[in-house]
Amino acid sequence: MSQASQNLLEGAGTFTAGLLLWLFTQGVEVPVVTLTKVGVVMMWVGGALVALGLTRAARSRSR
């Protein structure tokens, strides 16, 4: 598996997990963090990984 496809897969998974946290943990209380905010952060990280994977895929095709 190439690094680009690995980044795309990890980014999509992280984004999906963050989206699920953001959507379905409104009433859950955890002592240290707010799970909805963790979900938003995970969506940002997942989006960044997807962008990195797309950039690496585009660079490998242009060479």
Side-chain angles (χ1 to χ4, degrees):
M1 180 182 286
S2 70
Q3 188 66 33
S5 60
Q6 184 177 355
N7 284 132
L8 287 169
L9 185 63
E10 288 176 1
T14 305
F15 184 86
T16 303
L19 182 64
L20 291 173
L21 279 173
W22 182 66
L23 288 175
F24 298 115
T25 60
Q26 292 289 332
V28 178
E29 294 197 20
V30 179
V32 179
V33 296
T34 305
L35 292 178
T36 53
K37 291 179 183 178
V38 170
V40 171
V41 171
M42 286 180 69
M43 286 190 294
W44 275 99
V45 170
L49 282 170
V50 168
L52 178 64
L54 290 173
T55 303
R56 285 186 175 180
R59 283 187 180 177
S60 68
R61 287 187 184 154
S62 66
R63 290 183 183 178

Taking every non-hydrogen atom, the tightest pair across [X] and [Y]:
X: Ser5; Y: Ser2; answer: OG-O, 3.0 Å
X: Ala4; Y: Ala57; answer: CB-N, 3.6 Å
X: Met42; Y: Gly18; answer: CB-CA, 3.7 Å

Report whether [X] and [Y] are members of the same hydrophobic cluster (ILVMFWY, side-chain heavy atoms less than 4.5 Å apart, transitive linking).
X: Leu8; Y: Met1; value: no
X: Phe15; Y: Trp44; value: yes
X: Leu23; Y: Val38; value: no
X: Phe24; Y: Val33; value: no

Query raised in the report: If you round to the nearest 0.5 Å, how far is OG1 of Thr16 from CG of Leu21?
Result: 11.0 Å
**Report entry** Inter-residue atom distance Asn7.CG - Thr14.OG1, 0.5 Å rounding
**Finding:** 10.0 Å
**Report entry** Heavy-atom check, side chain of Trp22 versus side chain of Leu19, under 4.5 Å
**Finding:** yes
Query raised in the report: Below 4.5 Å, heavy atoms only, C-beta onward: do Val40 and Met43 meet side chain to side chain?
Result: yes
